[in-house]
Q: 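The structure that follows is given in the form of structure tokens.
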Amino acid sequence: GSRMREYSFFPRLALVNLTRNRRFYGPYLVSCGGTVGMYYVLRFLAGTETLASVRGAAYLQSMMSIGCAVVGIFAAVILLYANSFVMKRRHRELGLYHVLGLEKRHLAWVMLWETLYCALAALGLGLVAGGVLSYLVPPLLLGMIRFPMEFTVHLSGRAMWETVQLFIILFGLTLLANFARLHRSRPVELLRSAQTGEREPKTKRLLALVGLVTLAGGYGLAVTIQDPVEAMVWFFGAVLLVMVGTYCIFTAGSIALLKALRANHNFYYQTRHFTAVSGMLYRMKQNAAGLSNICILSTMVLVTVSTTACLYFGLEQMAAQRAAENALSTAEAAEMLQEYAVMYGGFLFLGLFLGAVFLLATVLIIYYKQLSEGYEDRDRYRIMQQVGMTPEEVRGSIRSQILLVFFLPLGMAGLHLLAASPMLCRMLELFGLQNAPLFAACAGGTLAVFCIVYALVFILTARTYNRVVRETE
């Protein structure tokens, strides 16, 4: 009897845990569900018979397959990132179970049930969302490739099964990661870990220098290369340099800058500056990786959407140019225009789709950052008020820090897009599109829309932050 009771106890405890930690698990499940839905739609489009009748269907279906791979990789990143964040926050709770006499193998059972529930919820949510999307998306795609045809939508069992397989593997990975974390943990440390205290970050001069050099190198490549083929070859090199530069600058550069400000006594010893600079020092140390991720993901959204949009809006110009060069008849020219529309319409569709996936990852990171900042700041608020600042001063000081932390990556992403523009224009010439003003318009439009979305996300997640901070007051 006790054995049976024990086994029914774990699933119940797991459910209680998930609902108690819903602030962490809610967004995790929604973003998992979203990725499941998107993956299903791309799998569905990659395998559907209906698209096979479109001229240039081979293009489309290989594009969708590439899309699947990218979304799959991103699903892994999102799941493992969110899972590690949630488990770090639940450190003390697990320590408490140890003290209450649950052994590690018991905790492993609880984790197994938690993962099962999460996987079921995410797959259920995601496949429903995917089903709905597979009704809405094909007409949109056909509109983009300018191909008028009836699209009979059906649910694809094969695509569903492929989706389920992928996500079972991914949830299995998160479970293994949690088992490994459990295996390494020592009960007493679990309880204490929230109280380890913050050490002042060290200035890493070398890293800051590496950041500046790699960023300058990446920007240099992007601006100086004139030959389209060379631009294509060097593009990924430039991207890597900029990514490394971004990490180094957020990690080391920001801290070096803040320490320089602190060394300037006239500036530093004013109440407002004093709290802001010292607060930012610790914030940057904790958030460097998260912020560089937000920055890089935002840059990915901006680059994919603006280049694919540019190709799409320039396709008439390209087709007309080709037709004039090759002296095509009207019928041939029309046929070529249709082929271009399929190719670049497909590109734009995929660009928007992947943009949405990158955006999902960005939103999740921002949400979790706001949450963890909220928990950190709860104590800071108390301390700052004890030091004799008025609640208004405290709120003002911390709000300015939070704004700075979250809008740094956006500013940096805009800068990256600006620096990449010459190189992206060169690469578009390979497709036969020479139209810098059009690219500037597409990039500007994308950036404007993205800024609005980013600001909205910030405002919505800031509500969570405020709720967390006020909990003690």
Side-chain angles (χ1 to χ4, degrees), residues 38 41-42 44-46 48 50-71 136-149 151 228-229 231-232 235-236 299-326 328 330-359 417 420-447 449-450:
M38 288 176 178
V41 170
L42 286 177
F44 167 70
L45 289 173
T48 178
T50 326
L51 281 182
S53 59
V54 179
R55 269 189 73 101
Y59 279 144
L60 275 184
Q61 305 212 308
S62 59
M63 268 187 233
M64 297 308 153
S65 301
I66 293 170
C68 282
V70 177
V71 176
L136 304 176
V137 165
L140 185 78
L141 174 61
L142 292 170
M144 280 185 179
I145 63 177
R146 307 183 190 180
F147 200 87
M149 64 182 270
F151 192 92
V229 180
M232 200 75 177
F235 180 69
F236 288 102
T299 313
M300 284 163 104
V301 175
L302 294 170
V303 170
T304 25
V305 176
S306 43
T307 42
T308 48
C310 188
L311 282 169
Y312 183 69
F313 293 119
L315 72 88
E316 264 95 356
Q317 183 201 334
M318 288 188 280
Q321 220 171 322
R322 276 288 292 280
E325 280 167 17
N326 302 338
L328 299 177
T330 328
E332 286 171 322
E335 205 166 274
M336 200 172 81
L337 183 63
Q338 176 60 61
E339 217 162 282
Y340 270 36
V342 168
M343 185 160 169
Y344 298 127
F347 261 160
L348 177 62
F349 172 79
L350 199 60
L352 289 172
F353 218 82
L354 295 182
V357 175
F358 300 152
L359 190 65
L417 180 66
S421 292
M423 195 171 207
L424 294 171
C425 281
R426 292 293 95 78
M427 282 162 68
L428 290 173
E429 283 171 24
L430 278 183
F431 291 97
L433 181 63
Q434 270 174 312
N435 192 337
L438 177 65
F439 180 77
C442 289
T446 307
L447 187 59
V449 173
F450 186 76

Q: Search all heavy atoms of Ala356 against all heavy atoms of Met38 and return the closest pair with its distance.
A: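 So the minimum-distance heavy-atom pair works out to CB-CE, 3.7 Å.
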Q: Which distance, rounded to the nearest 0.5 Å, do you find between the CG of Leu337 and the OH of Tyr340?
A: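 These two atoms lie 10.0 Å from each other.
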Q: Check step by step if side-chain contact (heavy atoms from CB on, under 4.5 Å) holds for Val357 and Val70.
A: CA-CA 9 Å; Val357 175; Val70 177; over 6 Å; no
Q: How close do Gly67 and Leu354 get, counting heavy atoms only, and between which atoms?
A: O-CD2, 4.0 Å
Q: If you measure from CG on Leu438 to CG on Leu433, what distance do you get to the nearest 0.5 Å?
A: 6.0 Å
Q: Using the test ring pair (Phe, Tyr, Trp, His ring centres under 6.0 Å), find all partners of Phe439 that sit at least two apart in sequence or belong to another chain.
A: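 With sequence neighbours excluded, Phe439 shows a ring pair (Phe, Tyr, Trp, His ring centres under 6.0 Å) to no residue whatsoever.
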Q: Do you know which two heavy atoms are closest between Ala231 and Met423, and how far apart they sit?
A: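 Looks like O-CE, 3.5 Å.
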Q: Which residues pass the side chain to side chain contact (heavy atoms under 4.5 Å, CB included) test with Met63, sequence neighbours left out?
A: Tyr59, Met343, Phe347, Leu350
Q: Could you pull out all residues at least two apart from Arg322 that satisfy salt bridge (Lys or Arg N to Asp or Glu O under 4.0 Å)?
A: none
Q: Taking side chain to side chain contact (heavy atoms under 4.5 Å, CB included) as the definition, give me every residue that meets it alongside Glu429, ordered by chain and number, with sequence neighbours left out.
A: Pro228, Arg426, Gln434
Q: Would you list the atom pairs, donor with acceptor, under 3.5 Å between side chains in residues 308-321 and any protein atom, with sequence neighbours excluded?
A:
{"residue": "Thr308", "atom": "OG1", "partner": "Thr304", "partner atom": "O", "Å": "2.6"}
{"residue": "Thr308", "atom": "OG1", "partner": "Val305", "partner atom": "O", "Å": "3.2"}
{"residue": "Tyr312", "atom": "OH", "partner": "Met144", "partner atom": "O", "Å": "3.2"}
{"residue": "Glu316", "atom": "OE2", "partner": "Arg146", "partner atom": "NH1", "Å": "2.8"}
{"residue": "Gln317", "atom": "OE1", "partner": "Asn435", "partner atom": "ND2", "Å": "3.0"}

Q: How many angstroms lie between SG in Cys442 and CG in Leu302, if you round to the nearest 0.5 Å?
A: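 These two atoms lie 12.5 Å from each other.
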Q: Can you tell me how far CZ of Phe349 sits from CD1 of Ile145, rounded to the nearest 0.5 angstrom?
A: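 Result: 10.0 Å between the selected atoms.
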Q: Would you say Val137 and Phe44 make side-chain contact, with heavy atoms under 4.5 Å?
A: no
Q: Just so I know, are the side chains of Leu417 and Thr299 near enough to count as touching, which here means a heavy-atom distance under 4.5 Å?
A: no
Q: Run the side chain to side chain contact (heavy atoms under 4.5 Å, CB included) test against Val229 and tell me which residues pass, sequence neighbours left out.
A: Asp227, Leu430
Q: Going from CG on Leu352 to CG on Leu141, what distance comes out if it is rounded to the nearest 0.5 angstrom?
A: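 Answer rounded to 0.5 Å: 11.0 Å.
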Q: Within this structure, what is the OG-CG distance for the pair Ser306 and Leu447, rounded to the nearest 0.5 Å?
A: 8.5 Å
Q: May I ask you to test the Leu136-Leu140 pair for a side-chain heavy-atom distance under 4.5 Å?
A: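 Sidechains of Leu140 and Leu136: no contact.
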